[in-house]
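Working notes, structure below.
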Number of protein chains: 2
Amino acid sequence: MGKNQIPQYKKLYELLRKHILSGVYEEGSFLPSENELCAVHNLTRPTVRHALEALVRDGFISKRKGKGSMVRKPPQDIGILSIAGTISAIGKQYLQTQILQKPKTIAWPTDFHFELTDAEKDFGCIYMERLRFVDEMPVFYDINRIPNINLPRFTSRTFENKSLFDTLRSHYQIEIKGGEQKLKAIKADKKISQLLKIPKGGPVLFLERKLSTNREGFYIYSTIYFNSDKHAIFGVF
Amino acid sequence: MGKNQIPQYKKLYELLRKHILSGVYEEGSFLPSENELCAVHNLTRPTVRHALEALVRDGFISKRKGKGSMVRKPPQDIGILSIAGTISAIGKQYLQTQILQKPKTIAWPTDFHFELTDAEKDFGCIYMERLRFVDEMPVFYDINRIPNINLPRFTSRTFENKSLFDTLRSHYQIEIKGGEQKLKAIKADKKISQLLKIPKGGPVLFLERKLSTNREGFYIYSTIYFNSDKHAIFGVF
DNA sequence: ATTTTTAACTTGTATATACAAGTTGTGTAA
DNA sequence: TTACACAACTTGTATATACAAGTTAAAAAT
């Protein structure tokens, strides 16, 4: 039998996810039962349940014993707290990106906020800055640091309309598996206030993230300044 | 065979969790392999994997194909982003609680930030306020609203040294299953600045949460003001 | 001695099956 | 009509098994 590479449960997950987001399954309605999904897609129940577990984890459905799997309302705000599946960390589709600093190789900061391995220190650090907009208003400014390990031609790529994570996945087979993050509320300094168009000293959400990937010891570090005046950060757990 | 009520995979989860937190399995070391856990606890691999999946979800271990399950460093900061298992939403153990407003029944606010069902509106709302300390410094102030549905004698209970969630679980069999939350950074008004001992206008983390429970249609609503000057909010995903 | 192959581990995916337990509508008995 | 029992659904838990695929170290070949 020909191997399709990507597992069955993930294919079912992506399919149902797409159908929920496109409105085939409306908010508040119920998905077909596990047994129906088995019959339709020719799978066994553990496999179907594996897919549904992922949908629960990412906040697309909620299950209830004896009843079924109810479709949840897709998040209204910007969801960068959870990975939201295998695709991206951003919920809103119409997020626009401006590259402030194209990827360049620099040294790691001397006092970095996460511990680095020797391997990470030895190789350089690919550095880039982006400003992201919703409705043409700046919403967050992020600084990304990626260890320069086996990423040929990375600094010459363009990221204007493509997600950083999409590029990593399609060109380097690097997928985000999870991560950890710290959140604070801080005062905007001059630079941040100008970038995000908020008063100096105003409150800004500040995130430091360390994302783990399917590559051993390969982490992506992000620092994010978020203007929570108009939008909130949303998370499901 | 006598029914033990709580499922096997959850028992194994709680056991391994306890051993990780108490240091039996050190950070960076590997858990016994799935097959070993099967043999030791007389379980099958799907059941053991179910327990390990929960440990991964809550950030206690990370798995790698071909290698094993590595124990992760327990979070240093205050983890109220994820439920962290079945127990509580708070990572730090030495969190102290002061009740500012003992539970009392009031009406729901007219412009509540989450949609309420008719059932929730009809019954009243149990309201309570708490101030929580780490190292004798106020860290966060939270307002909790619980629909007054079938909770006899709730307002006369004491919560000084007991978690709200522990009380709900032990007296009313209500368990938190998950939830959603929104985050913002806001300026401290006079009340918040006095409570959290920060300058007026200083940045404060602001959270609005809706927690779902094992009881149909029963949600707990929390509003949290977090002083992120000394501590950060931590999350794994 | 060095390189390659193999074997023995590990976790990942998948099938097949069974029963427990919560939910809901229907049909029967009061 | 009303109350209750039951059947037919739903998801939850668990067993037993098989093979795929990544990792590692020992064995074999060069």
Side-chain angles (χ1 to χ4, degrees), chain A residues 1-14 16 29-57 60-72 86 173-175 177-178 212-218, chain B residues 1-14 16 29-57 60-72 86 173-175 177-178 212-218:
Chain A
M1 188 191 294
K3 281 282 148 299
N4 257 21
Q5 214 148 353
I6 74 172
Q8 308 258 45
Y9 79 88
K10 193 170 270 183
K11 284 196 280 190
L12 179 56
Y13 165 88
E14 297 287 355
L16 294 172
S29 67
F30 283 88
L31 248 47
S33 77
E34 295 177 354
N35 282 324
E36 286 181 87
L37 290 172
C38 290
V40 171
H41 299 93
N42 205 32
L43 300 168
T44 54
R45 205 149 80 87
T47 305
V48 168
R49 285 180 62 80
H50 198 166
L52 296 185
E53 278 163 27
L55 288 170
V56 169
R57 172 174 48 80
F60 289 98
I61 62 173
S62 63
K63 305 179 74 175
R64 187 145 215 109
K65 191 198 281 194
K67 292 200 72 173
S69 303
M70 195 173 67
V71 177
R72 296 182 53 149
T86 55
Q173 288 79 46
I174 293 176
E175 275 185 38
K177 303 278 257 190
S212 60
T213 68
N214 56 343
R215 221 189 251 190
E216 174 76 30
F218 188 90
Chain B
M1 188 190 293
K3 281 282 147 299
N4 259 22
Q5 214 150 353
I6 72 170
Q8 310 256 45
Y9 79 89
K10 194 170 269 184
K11 285 197 280 190
L12 179 56
Y13 165 88
E14 297 287 354
L16 293 172
S29 69
F30 283 87
L31 248 48
S33 77
E34 296 178 355
N35 283 323
E36 285 180 88
L37 290 171
C38 291
V40 171
H41 299 93
N42 205 32
L43 301 167
T44 55
R45 205 150 80 86
T47 305
V48 168
R49 284 180 63 80
H50 198 166
L52 295 185
E53 278 163 28
L55 289 169
V56 169
R57 172 173 49 79
F60 290 99
I61 62 172
S62 62
K63 305 179 73 176
R64 188 145 215 110
K65 190 198 282 194
K67 292 199 73 172
S69 303
M70 196 172 68
V71 177
R72 297 182 52 149
T86 54
Q173 288 79 47
I174 293 176
E175 276 185 38
K177 302 276 259 192
S212 60
T213 69
N214 56 341
R215 223 190 250 190
E216 174 76 30
F218 189 90

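Naming: A, B, ... by sequence-line order, numbering from 1 per chain. Basis for what follows: all heavy atoms, side chains included, without hydrogens, waters or symmetry-related copies. Being a predicted model, the structure only gives us computed values, none of them experimental.
Atom CG in A:Asn35 sits roughly 15 Å away from atom C1' in C:dT23 (whole-Å rounding). One can place CG of A:Asn42 at 13 Å from P of C:dA14, the figure rounded to the nearest angstrom. As a whole-Å value, the separation of A:Arg45 CZ from D:dA14 P is 14 Å. D:dT10 atom P lies 10 Å from atom CG of A:Leu37, rounded to whole Å. In this entry the distance linking CD of A:Glu34 with P of C:dA20 reads 18 Å, nearest Å. One can place NZ of B:Lys11 at 8 Å from P of D:dA14, the figure rounded to the nearest angstrom. Per the geometry, NZ belonging to A:Lys67 stands 15 Å off P belonging to C:dG22, to the nearest Å. Between the CD atom of B:Gln8 and the P atom of D:dA16 there is a distance of 12 Å, given to the nearest Å.
Every side-chain contact (heavy atoms from CB on, under 4.5 Å) that A:Lys67 has, sequence neighbours left out, goes to A:Phe30, A:Arg64, B:Glu216.
OP1 or OP2 of D:dT10 lies within a sub-4.0 Å distance of a side-chain N or O belonging to A:Ser33. Applying the 4.0 Å criterion to OP1 and OP2 of D:dT15, one finds that B:Thr47 has a side-chain N or O inside that range. Under 4.0 angstrom from either OP1 or OP2 of D:dT13 there lies at least one side-chain N or O belonging to B:Tyr9.
Nearest-nucleotide positions on DNA chain C for A:His50 and A:Lys65 put A:His50 closer to the 5' end.
Side chain B:Arg64 to base C:dG12: no donor-acceptor pair is found below 3.5 Å.
When distances are taken from the side chain of B:Arg49 to each of C:dT13, D:dT15, C:dT15, the shortest belongs to C:dT13.
Using bins of under 30°, 30° to 60° and over 60° for the plane-to-plane angle, the ring pair B:Tyr13/B:Phe60 lands in the perpendicular bin.
The side-chain contact (heavy atoms from CB on, under 4.5 Å) test with B:Leu52 singles out one residue from B:Lys63, B:Arg57, B:Arg45, and that residue is B:Lys63.
Summarising the geometry, atom NZ belonging to B:Lys10 is positioned 13.0 Å from atom CD belonging to B:Gln8; distances are rounded to the nearest 0.5 Å.
B:Thr44 comes within 4.0 angstrom of a base, heavy atoms only. Counting non-hydrogen atoms under 4.0 angstrom, B:Glu36 reaches the backbone sugars and phosphates but no base.
No donor-acceptor pair under 3.5 Å is formed between the side chain of B:Ser69 and the backbone N or O of B:Leu31.
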